[in-house]
Amino acid sequence: MTVSYTPDTTAQTPDLATLKRIFARPTLTSPASDPDAKARLALGARLFRDRLLSRNQSMSCATCHNPNRAFTDGRPRARGNDGTPLDRNTPTLYDVRYGNSFFWDGRASTLEDQARVPLEHPRELNLPLTDAVTRLAAQKYYRRTFDRAFSMRPSITSETVLQSLATYERSLNSPNTRFDSWVSGTTTALSKSEATGFRIFSGKGRCIACHGGWRFTDDKFHDTGLPSTDLGRGAIPGSNAAPHTFKTPSLRQLTQTAPYMHDGSLPTLEAVVDHYNGTRIQRPSLASELKNALGLTPNERRALVAFLKTLSFSSR
Ligand code: HEC
Ligand code: HEC
């Protein structure tokens, strides 16, 4: 169930029952419902971790999208195969199945199209897809597994490699969290301060204007006033997007995905909240919700951070 929310800055904050409906997590399924998809998923999981897919066999998708860090790498910006930083921070892959555009600037519209980019990028895996197909076809394991997962012959093609990776990515549902228990009725799942933080998120803090819904994103692009010179979606020909706009990221599993923002410039959640509460670069593209100061007190900022942490599963 998805409840859409159109932010209206003149309206009062919705009541708690309405808010809970906006953020209720649906029952998530896995793409592996039929045997074919199951075989593709297993194949994709293997390809995702296989360094064979990089020219000099030095990295895989999992090098940057580490499953133990919610599929991120802990670096401000990803490290390229030459050891120097790429342009942007590595985003989580949780719940990508439910997104409608990929990359911080949304320049890929399917996961299959997206996967081709890091595979062939000279500073990432640096392996043209046709070469990847040749390499995989030379291995008995992959010949057998692709034959099982796909009916066409030959079964190892550019398309089936991308499809396998994408099928695996579509299985990466974020874990259930304390916030989800609270929304579904367990009132003791959040402390008083965490629940206060949620009210600030949905009210005075105006975070809900862009981070509404169970994935905490509107899937749109905004300028949040960071000093970075990256034009984001504004640099994409034909997008007509304003400069400095980036896709609103999900806020799930934040405790594992620091540092934050497209440039990894904010090391902690406290720094993120201080950014929204403090100096945003005032320029014409700055999102209208962020033009005026929030005026959050130190206690309110602490409560907001405490709430953000409840969107992560931790085994503590
Ligand atoms: C060198 C590090 C690195 C490697 C290797 C890498 N990625 Fe990424 N990935 C990134 C970075 C950085 C971004 C964001 C780039 C941007 O937005 O311009 C990204 C973005 C993505 C996204 C978009 C997520 C979103 O929410 O928009 C997906 C999906 C993805 N990568 C999958 C893959 C797959 C599949 C592979 C292997 C074929 C891979 N990545 C290899 C660093 C890496
Ligand atoms: C106008 C839309 C908008 C509003 C309002 C907004 N955000 Fe964001 N948020 C974004 C966008 C867009 C990004 C990515 C910005 C970038 O990297 O340039 C982001 C990034 C973040 C991140 C970093 C996530 C990551 O994985 O890097 C956090 C945490 C966050 N926002 C929390 C909040 C909180 C808390 C509030 C309220 C005080 C808030 N946001 C208000 C749009 C918004």
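Start at 1 and go down the list; that is how both ligands and their atoms are numbered. Residue indices begin at 1 and follow the sequence shown.
- Scanning the protein heavy atoms around atom 5 (C) of ligand 2, the nearest turns out to be R206 O, 3.4 Å.
- At a heavy-atom cutoff of 4.0 Å, ligand 2 is contacted by no atom of T245, backbone or side chain.
- A donor-acceptor contact under 3.5 angstrom links the side chains of S155 and D147, judged on distance only.
- Between Q256 and T72, every side-chain heavy-atom pair lies at or beyond the 4.5 Å cut-off.
- The residue N81 has no part lying near ligand 1, judged by heavy-atom distances below 4.0 Å.
- The distance between the ring centers of F179 and F216 falls below 6.0 angstrom.
- Contacts between D87 and ligand 1 below 4.0 angstrom, taking non-hydrogen atoms only, are absent altogether.
- Residue contacts with ligand 1 leave out S54, since none of its heavy atoms falls under 4.0 Å from the ligand.
- Close approach to S60 involves these atoms of ligand 1, each under 4.0 Å from a residue heavy atom: 5 (C).
- Proximity annotation for atom 17 (O) of ligand 2: of K247, K291, H262, H262 comes nearest, heavy atoms only.
- Interface atoms of ligand 2 facing Y260, defined by a heavy-atom separation under 4.0 Å, are 23 (C), 25 (C), 27 (O).
- Contacts between T92 and ligand 2 below 4.0 angstrom, taking non-hydrogen atoms only, are absent altogether.
- Two residues are said to be in side-chain contact when any heavy atoms from C-beta on lie closer than 4.5 Å; W104 and N89 meet this criterion.
- The protein atom (non-hydrogen) at minimum distance from atom 12 (C) of ligand 2 is F246 O, 3.2 Å.
- When each atom of ligand 1 is checked for a heavy atom of L111 under 4.0 Å away, the hits are 29 (C).
- Short contacts between ligand 1 and M59, defined as distances under 4.0 Å to a heavy atom of the residue, involve ligand atoms 5 (C).
- Between R170 and E112 there is a salt bridge, since a side-chain N of the basic residue sits under 4.0 Å from a carboxylate O of the acidic one.
- Below 3.5 Å of separation, one finds no N or O of R79 facing any N or O of ligand 1.
- Using a 4.0 Å cut-off between a side-chain N of Lys or Arg and a carboxylate O of Asp or Glu, D230 and R88 qualify as a salt bridge.
- Side-chain atoms of T84 and R123 include a donor-acceptor pair closer than 3.5 Å.
- Nearest-residue assignment for atom 27 (O) of ligand 2 (options K220, K204, M261; heavy-atom criterion): M261.
- The shortest N/O to N/O separation between E169 and ligand 1 does not fall below 3.5 Å.
- Closest to atom 42 (C) of ligand 2 among all protein heavy atoms lies T224 CG2, 3.6 Å.
- Within the 4.5 Å cutoff, the side chain of W214 has heavy atoms near those of the P26 side chain.
- From the protein, the heavy atom lying nearest to atom 14 (C) of ligand 2 is P249 CD, 3.5 Å.
- For the pair R46 and Y141, the cation-pi criterion (under 6.0 Å, within 45° of the ring axis) is fulfilled.
- Within ligand 2, counting atoms from 1 as listed, the ones closer than 4.0 Å to a heavy atom of G205 are 37 (C), 38 (C).
- Between R301 and E270 no salt bridge is recorded (no basic side-chain N to carboxylate O distance below 4.0 Å).
- Between C64 and R69, the closest side-chain pair of non-hydrogen atoms is not below 4.5 Å.
- Side-chain contact check for T134 and D131: no donor-acceptor pair (N or O, by modelled atom type) lies under 3.5 Å.
- Results of the side-chain hydrogen bond (donor to acceptor under 3.5 Å, both in side chains) test with R252 over D95, D180, T92, N173 single out D180 as the only residue that passes.
- Near A287, meaning under 4.0 Å from one of its heavy atoms, ligand 2 places the atoms 1 (C).
- Within the 4.5 Å cutoff, the side chain of F150 has no heavy atoms near those of the T157 side chain.
- With a 4.0 Å heavy-atom cut-off, ligand 2 is reached by the side chain of W104 but not by its N, CA, C or O.
- Counting only distances under 2.8 Å, and ignoring water, the protein N, O or S atoms around atom 8 (Fe) of ligand 1 are H65 NE2.
- Within ligand 1, the atoms closer than 4.0 Å to a non-hydrogen atom of N89 are 12 (C), 14 (C), numbered from 1 in the order shown.
- Side-chain contact between D113 and F102 is absent, with no heavy atoms from C-beta onward closer than 4.5 Å.
- Counting only heavy atoms of the protein, atom 29 (C) of ligand 2 lies nearest to V272 CG1, 3.6 Å.
- Ring centroids of F246 and F221 are separated by 6.0 Å or more, keeping the two rings apart.
- Formation of a donor-acceptor pair under 3.5 Å by the R178 side chain with backbone atoms of A189 is found in this model.
- Between K247 and D105 there is no salt bridge, since none of the side-chain N atoms of the basic residue sits less than 4.0 Å from a carboxylate O of the acidic one.
- Here the side chains of E120 and L125 are not in contact, with every heavy-atom distance at 4.5 Å or above.
- Taking distance alone, with nitrogen or oxygen atoms compared against 3.5 Å, R107 approaches ligand 1 more closely than that limit.
- Protein heavy atom at the shortest distance from atom 1 (C) of ligand 2 is C210 SG, 2.7 Å.
- Within the listing of ligand 1, atoms 1 (C) sit less than 4.0 angstrom from a heavy atom of L86.
- The protein heavy atom nearest to atom 23 (C) of ligand 1 is F103 N, 3.6 Å.
- Of all the atoms in ligand 2, the ones that sit under 4.0 Å from a non-hydrogen atom of E289 are 1 (C).
- In this structure, OH in Y98 is found 8.5 Å from OG in S174, a value given to the nearest 0.5 Å.
- Taking distance alone, with nitrogen or oxygen atoms compared against 3.5 Å, L226 stays at or beyond that limit from ligand 2.
- Among protein heavy atoms, atom 34 (C) of ligand 2 sits closest to C207 SG, 3.4 Å.
- Using a 4.0 Å cut-off between a side-chain N of Lys or Arg and a carboxylate O of Asp or Glu, D223 and R280 do not qualify as a salt bridge.
- Considering atom 8 (Fe) of ligand 2 as centre, the angle to NE2 of H211 and to OH of Y276 is 170° (10° rounding).
- Below 4.0 Å from some heavy atom of F102 lie the following atoms of ligand 1, by number and element: 27 (O).
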